[in-house]
There are 2 protein chains.
Amino acid sequence: MARKPSAADAPLRLDNQICFAVYSAAHAFNRVYKPLLDRLGLTYPQYLVMLVLWERDDVPVKEIGEKLFLDSGTLTPLLKRLEAAHLVKRTRSSEDERQVLIALTPQGHALREKARSVPQSILAATDCSVPELVAMKDEIVALRDRLNAVIGD
Amino acid sequence: MARKPSAADAPLRLDNQICFAVYSAAHAFNRVYKPLLDRLGLTYPQYLVMLVLWERDDVPVKEIGEKLFLDSGTLTPLLKRLEAAHLVKRTRSSEDERQVLIALTPQGHALREKARSVPQSILAATDCSVPELVAMKDEIVALRDRLNAVIGD
DNA sequence: CGACATTCAATTGCGAACAATTAAATGTGA
DNA sequence: TCACATTTAATTGTTCGCAATTGAATGTCG
């Protein structure tokens with residue numbers, strides 16, 4: 001038996017869910033990045049790891065994980081692929097043998113120059129002004145941090 | 001040789017990237033949803049499919065894909081898992097044998113009632129007002145649609 | 001010093017996500 | 001009607017993402 005749409009249904013409607021907006025926007029970003037990153041031989045998560053390393057080299061896996069909100073189950077195989085591509089080197093820390101330090105190779109450093117044009121291309125694709133994007137980014141980060149705060153209960 | 005941070009580096013900084021904000025917020029949402037959806041026996045993408053079906057039943061795979069921005073490579077195995085869980089039935093359309101129609105089972109319908117409390121729990125986790133969330137959602141959807149428009153070139 | 005807990009990366013298994021290909025059904029035009 | 005293109009799902013292979021477990025190194029407390 002057919003039901004009339006009622007106000008009680010609104011919370012379950014797809015279009016009303018901010019989480020779906022975020023989920024689908026993340027996929028849209030990924031699709032825009034794809035052709036740009038293909039030229040660098042990187043996937044998007046690999047690109048994120050490279051961003052971390054371009055800011056600070058010789059970083060333990062743990063720290064990369066904290067910055068990207070990813071765990072070793074994701075990072076270990078990803079980093080092995082970056083190593084196979086000769087972009088990073090993985091070495092056990094001598095001070096703490098539990099840690100694996102990730103360092104850029106010369107090719108890894110060099111890739112940074114090829115990556116410089118990427119943010120500009122993405123900016124163009126958003127068809128937004130920089131201040132608009134910064135404002136949105138700050139709002140989304142604040143939301144993310146509130147969500148992450150709830151997890152640790 | 002160490003480099004001074006310069007303005008030219010800003011575009012490649014992780015914290016400046018809206019895409020990473022969106023990417024990490026999507027994962028944060030997923031982690032908040034996880035315990036709620038575990039009780040329903042659903043993953044987050046499966047929950048999205050159920051949202052579509054609760055709005056309109058007996059839908060071809062294609063249409064689900066268009067609403068969620070997913071293709072058959074993702075949906076076919078996901079829908080088979082939902083079928084194995086007795087939540088949906090997959091049947092070839094008699095009018096067009098190429099299409100597979102997805103229909104809810106009685107259990108699939110019934111699950112809707114158990115799902116009603118989910119949006120409220122998510123809302124609480126965001127620690128945001130409804131108008132704030134609606135405004136953000138609209139902005140993110142607009143951004144997503146502009147990104148998707150660029151893809152089709 | 002020695003039992004114990006903690007930390008860290010690696011591993012395993014499962015479920016997305018997507019590109020590329022395949023195969024069947026349908027539509028179209030000569 | 002028949003060749004051909006288009007549409008639709010399914011399949012295959014690669015890469016994430018995460019829970020759960022393992023094993024080695026380190027830290028802590030009696």
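Labels below follow one simple rule: chain letters A, B, ... track the order of the sequence lines, proteins then strands, and each chain is numbered from 1.
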At under 4.0 Å, does any side-chain N or O of [X] touch on OP1 or OP2 of [N]?
{"X": "A/Y23", "N": "C/dA17", "answer": "yes"}
{"X": "B/K34", "N": "C/dG15", "answer": "no"}
{"X": "B/T74", "N": "C/dA17", "answer": "no"}
{"X": "A/K62", "N": "C/dT6", "answer": "no"}
{"X": "B/R90", "N": "D/dA10", "answer": "yes"}

From the set [options], return the single nucleotide nearest to any side-chain atom of [X].
{"X": "A/R92", "options": "C/dC18, D/dC18, C/dA10", "value": "C/dA10"}
{"X": "A/R81", "options": "D/dC16, C/dA9, D/dA9", "value": "D/dC16"}
{"X": "A/P45", "options": "D/dC16, C/dA9, D/dA9", "value": "D/dC16"}
{"X": "A/H27", "options": "D/dA9, C/dC18, D/dG17", "value": "C/dC18"}

request  = Taking ring-ring contact (aromatic ring centres under 6.0 Å, His included) as the test, write out the residues that go with B/Y23, two or more places apart.
outcome  = A/Y44, B/H27
message = Determine whether a donor-acceptor pair (N or O, by modelled atom type, separation under 3.5 Å) exists between the side chain of B/E83 and the backbone of B/R90.
response =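 Yes; judged by distance alone, with no hydrogens or angles, the pair exists.
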message = Using a 3.5 Å distance criterion without hydrogens, assess whether the side chain of A/E63 forms a donor-acceptor pair with backbone atoms of A/P60.
response = no
ask   = How close or far is atom C1' of D/dG17 from atom CG of A/L78, stated in whole angstroms?
value =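 Taking CG of A/L78 and C1' of D/dG17, I get 11 Å after rounding.
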key: Sugar-phosphate or base contact per nucleotide [nucleotides 20-28 of chain C; S, B, -; heavy atom under 4.0 Å]   = -----BS--
